[in-house]
Amino acid sequence: MKLEVEERQEGGDEMCRSIEVVSSTFAAKHCDFDFASPPSAAKDDAEGDCHAEDSFIPPLNFAMVDNGIFRSGFPDFANFSFLQTLGLRSIVYLCPEPYPEANMEFLKSNGIKLFQFGIEGYKEPFVNIPDNMIHEALKVVLDVRNHPVLIHCKRGKHRTGCLVGCLRKFQSWCLTSVFDEYQRFAAAKARVSDQRFMELFDVSSLKHLHHCNSPIRG
């Protein structure tokens, strides 16, 4: 097993810390998952190498964004079996706090690369969403070499919602659809500042990227 750590900097500030783990002993097991059904809806006749479906617990606010792209809140030990079924290659983590040791061990044992963008949590009216970090995170998400990829922050609402909303703008969604999706996850905690950020976010510098598979359009 080999652990490789690399840092990418722009203007002297740390933009992203990526941790790649190569495990020669890892053999991924996949099983089918019906995203339209609650994970607790187990089938009595479940057979094969995978565990029964009722043992698969998705992280808070888990959802499929697009082919090979998922979103959620912070996963914990109870979610690891479920995440294994996704065959993840990478995780985009949008918080500045260090990744918990148990989560790092899960990444190591499953050959998953971690991209960390340390976006501070915030509450209105003190808002500081780093535009440059969102750009860099989008480059990771749009690169199919990183798929399947899971995007997550703490609760999968604001930081994750902003990143996904900017991805939707890249996919030419109309703002109404972008905001509707954001509000489904943020619910009563939806922030006008987040929506303003998504509205003003400039995706023109990303238009040369064509890595996203079959983008869903609004």
Side-chain angles (χ1 to χ4, degrees), residues 16 18 20-21 26-39 41 48-50 53 56-75 79-94 106-107 110-117 133-153 155-186 198 201 203-218:
C16 168
S18 65
E20 182 174 11
V21 181
F26 172 67
K29 290 184 179 181
H30 301 278
C31 59
D32 295 331
F33 179 78
D34 182 1
F35 291 99
S37 302
D49 293 333
C50 295
E53 284 185 343
F56 295 150
I57 304 173
L60 177 72
N61 282 327
F62 176 84
M64 184 175 184
V65 176
D66 203 342
N67 293 332
I69 303 175
F70 305 93
R71 63 178 291 169
S72 75
F74 210 115
N79 310 131
F80 290 168
S81 293
F82 173 83
L83 294 182
Q84 281 184 313
T85 69
L86 304 179
L88 295 175
R89 287 184 182 175
S90 56
I91 284 179
V92 171
Y93 172 47
L94 301 176
F106 173 75
L107 300 189
N110 289 276
I112 299 172
K113 187 172 184 178
L114 176 68
F115 294 90
Q116 182 173 0
F117 297 88
M133 280 194 181
I134 295 294
H135 269 97
E136 292 302 311
L138 275 176
K139 291 178 183 178
V140 173
V141 172
L142 290 168
D143 190 341
V144 295
R145 293 171 295 183
N146 297 320
H147 293 183
V149 58
L150 173 68
I151 305 165
H152 81 80
C153 52
R155 304 190 67 81
K157 294 182 178 181
H158 302 113
R159 285 169 281 195
T160 296
C162 284
L163 180 57
V164 171
C166 293
L167 170 65
R168 297 310 194 191
K169 286 194 67 177
F170 176 84
Q171 295 177 324
S172 301
W173 279 35
C174 67
L175 279 177
T176 299
S177 297
V178 172
F179 294 163
D180 283 349
E181 181 179 41
Y182 166 82
Q183 290 165 359
R184 283 201 303 273
F185 289 89
M198 290 182 280
F201 185 79
V203 298
S204 61
S205 64
L206 300 169
K207 288 300 185 181
H208 66 286
L209 299 175
H210 303 287
H211 294 161
C212 198
N213 284 333
S214 304
I216 304 170
R217 300 184 180 274

Are any non-hydrogen side-chain atoms of [X] and [Y] less than 4.5 angstrom apart?
{"X": "His135", "Y": "Leu206", "value": "yes"}
{"X": "Ile151", "Y": "Phe70", "value": "no"}
{"X": "Asn146", "Y": "Phe115", "value": "yes"}
{"X": "Phe80", "Y": "Asn110", "value": "no"}
{"X": "Lys113", "Y": "Ile91", "value": "no"}
{"X": "Thr160", "Y": "Tyr182", "value": "no"}

Which atoms form the tightest heavy-atom contact between [X] and [Y], and what is the distance?
{"X": "Val203", "Y": "Cys166", "value": "CG1-O, 3.9 Å"}
{"X": "Lys169", "Y": "Met198", "value": "CD-O, 2.8 Å"}
{"X": "Met64", "Y": "Asp66", "value": "CE-O, 3.4 Å"}
{"X": "Gly156", "Y": "Phe185", "value": "O-CB, 4.1 Å"}
{"X": "Gly73", "Y": "Asn61", "value": "N-CB, 4.4 Å"}
{"X": "Leu86", "Y": "Pro148", "value": "O-CG, 3.5 Å"}

Kindly compute the distance separating [atom1] ([X]) from [atom2] ([Y]), expressed to the nearest 0.5 Å.
{"X": "Ile69", "Y": "Leu167", "atom1": "CD1", "atom2": "CG", "answer": "5.5 Å"}
{"X": "Met133", "Y": "Gln116", "atom1": "CE", "atom2": "CD", "answer": "9.0 Å"}
{"X": "Leu83", "Y": "Phe106", "atom1": "CG", "atom2": "CZ", "answer": "5.0 Å"}

**Prompt:** Short question: side chain of His147, backbone of Leu142 - any donor-acceptor pair under 3.5 Å?
**Reply:**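 Not confirmed, His147 side chain does not pair with Leu142 backbone.
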**Item:** Under 3.5 Å donor-acceptor, Thr85 side chain and Phe82 backbone
**Value:**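 Indeed, once roles are kept as given, a pair shorter than 3.5 Å links the two residues.
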**Request:** Walk me through it: do Ser90 and Val149 pass the test side chain to side chain contact (heavy atoms under 4.5 Å, CB included)?
**Result:** CA-CA 5 Å; Ser90 56; Val149 58; 3.5 Å; yes
**Message:** Run Glu181 and Arg168 through side chain to side chain contact (heavy atoms under 4.5 Å, CB included) and show every step you take.
**Reply:** CA-CA 10 Å; Glu181 181 179 41; Arg168 297 310 194 191; 2.8 Å; yes
**Request:** Would you please name every residue forming a side-chain hydrogen bond (donor to acceptor under 3.5 Å, both in side chains) with Ser204, sequence neighbours left out?
**Result:**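 side-chain hydrogen bond (donor to acceptor under 3.5 Å, both in side chains) check on Ser204 returns Asp202.
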**Request:** Please confirm whether Arg71 makes a cation-pi placement over Phe62, using NZ or CZ under 6.0 Å from the six-membered ring centre and within 45° of the ring normal.
**Result:**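 No, a cation-pi geometry is absent between Arg71 and Phe62.
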**Message:** Among Leu150, Val164, Leu163, exactly one meets side-chain contact (heavy atoms from CB on, under 4.5 Å) together with Val65. Which residue is that?
**Reply:**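 Considering Leu150, Val164, Leu163, a side-chain contact (heavy atoms from CB on, under 4.5 Å) with Val65 is found only for Val164.
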**Request:** On the 0 to 90° scale, with breaks at 30° and 60°, tag the His152-Tyr93 ring pair as parallel, tilted or perpendicular.
**Result:**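 The arrangement is tilted - the two ring planes meet at 30° to 60°.
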**Request:** Take Arg155 and Phe74 through the side chain to side chain contact (heavy atoms under 4.5 Å, CB included) test and state the conclusion after the steps.
**Result:** CA-CA 6 Å; Arg155 304 190 67 81; Phe74 210 115; over 6 Å; no
